[in-house]
Protein chains: 2
Amino acid sequence: MDSADELGRRDRKKLETRAALEHAALKLVAARGLAGVTVEDIAEAVDVSSRTFFNYFPSKEDALIGPSPASTAELRERLEALPADVPVLEALRLMSRVEAERVQEQREQWLLRLKVFEQNPSLLPRLVASGSETERAVTAAVARRSGIELGTSGYPELATAVAMAAFRVAMIRWSAAGGRPELADLVDEAFAQLAGGLPNP
Amino acid sequence: MDSADELGRRDRKKLETRAALEHAALKLVAARGLAGVTVEDIAEAVDVSSRTFFNYFPSKEDALIGPSPASTAELRERLEALPADVPVLEALRLMSRVEAERVQEQREQWLLRLKVFEQNPSLLPRLVASGSETERAVTAAVARRSGIELGTSGYPELATAVAMAAFRVAMIRWSAAGGRPELADLVDEAFAQLAGGLPNP
DNA sequence: TGAAACATTGCAGATACTGAAAATTCCCCG
DNA sequence: CGGGGAATTTTCAGTATCTGCAATGTTTCA
């Protein structure tokens, strides 16, 4: 409707190639493990040169990680669009819900990705890493929201880090349960526990 | 007194070499950035072959990360040693305090390490999630503590992830402040906010 | 259609990392 | 002592990741 249709053949092919590489990478690594798959294997499966692979992704792992669901600008806007009297944690919850819905739109893709992560723990840090830029942006937005200067009280940093941890845990639970419950519900549940101060269950 | 003195020359040299490699790696990367330092540079600075470097560390990054905060067994023991009526979050706080004190014992080393992490964001995620093995172990201990089976409620996973995020944020604040405040106090502060449900400040 | 813009490719080369065997160092016991 | 045997380091060869560059296609648009 909006953005993905009105591209020239060139850009359409690029998106196609990128998606094909991501998909091939996930499939192959799910089957043979991270170490059992070379970049050449992936490139061959899509019938491009391995040099081309590196034009799309800076490393083998990056093809598995996939896009941060939303751009940092988008996250900032989303946070700023909320009324000022919404508490920070609630704002982070709402932001996370939107993310969760995005993930669910690509259910199969994400479940496969999470399975690969589970089987190749060395990738997990990368997942966090891809979020480190995101984390900065969200932290800044939270600071603005709560009228705190960055690097003083530590509140924005903490709230953001904790929210992202909660989101990550929800994703992993979702994956472990085979994508059965709604991810958004798991996210809500996690935030509810956070808001309650993580009391003993 | 207890463990580090009664080793043969051989083991002493091994520890020495390892420490020298870590130190050289940190120094060099602090000066030139992660990409500006090769394994050979590090090995040469210590006057060993680069193959020897890989006998000590599985990757260049691992030389920078430093020791696993504590052995997983130790963390488990520390958690299990606490009376059963100590709330989970409080138990995690106490565990984190001990970690914080350890870090402060090697103040200079850790401040340098954190500076390196700050300048090379790709390393950041490893800071606490050093191997997700630690996280697994702590999660398991928390589950046992709270009588919850792993993978059911998600509470142990959430509490652990959140606690580690809080610790990470405290470390970064500590580093940013040049190691001036007590790390343990920053950890306490973060846990207090968590326990309070992260209310707007 | 022709030219500018961009994508793909092959190639050369630097670096990360691994396995195996040779060379060295160290420990311990006779 | 001193030599046998174990641990450690080194050398060497090889595979894989990733980058820059120049050549070659392909798409776009005027």
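Of the charged side-chain nitrogens involved, none lies within less than 4.0 Å of a carboxylate oxygen, so that B/Lys115 and B/Glu118 do not count as a salt-bridged pair.
Between the side chain of B/Arg173 and the main chain of A/Thr152, a donor-acceptor pair closer than 3.5 Å is present. For the pair A/Lys27 (side chain) and A/Glu22 (backbone), a donor-acceptor distance under 3.5 Å is absent.
Look at B/Ser49 and you won't find any side-chain N or O under 4.0 angstrom from OP1 or OP2 of D/dT9. In this structure, A/Tyr56 reaches the C/dT8 phosphate: one of its side-chain N or O atoms is under 4.0 Å from OP1 or OP2. Here A/Thr38 does not reach the OP1 or OP2 of D/dA16: none of its side-chain N or O atoms lies under 4.0 Å away.
In this structure, B/Lys13 atom NZ and D/dT10 atom P are separated by 11 Å, rounded to whole Å. Computed from coordinates, the A/Asp11 CG to D/dT28 P distance equals 8 Å when rounded to whole Å. In this structure, A/Leu64 atom CG and D/dT17 atom P are separated by 12 Å, rounded to whole Å. Rounded to an integer number of Å, the gap from CZ of A/Phe54 to P of C/dG10 is 15 Å. Here the P atom of nucleotide D/dC18 and the CD atom of A/Glu40 are 14 Å apart, to the nearest Å. One atom, CZ of A/Arg12, and another, P of D/dT26, lie 17 Å apart when rounded to the nearest Å. One atom, CZ of B/Phe53, and another, P of C/dT18, lie 11 Å apart when rounded to the nearest Å. One can place CZ of B/Phe57 at 16 Å from C1' of C/dA16, the figure rounded to the nearest angstrom.
More than 12 heavy atoms of other residues, nucleotides or ligands shown are found within 6.0 angstrom of CD on A/Glu90.
At a threshold of 4.0 angstrom between heavy atoms, the contacts of B/Ser59 are confined to the sugar-phosphate backbone, with no base atom among them.
Along DNA chain D, the nucleotide closest to B/Lys14 and the one closest to B/Arg51 are compared, and the more 5′ of them pairs with B/Lys14.
For the pair B/Arg18 and B/Phe57, the cation-pi criterion (under 6.0 Å, within 45° of the ring axis) is fulfilled.
Residue B/Asn55 places its side chain closer to D/dT10 than to any other of D/dC18, C/dT9, D/dT10.
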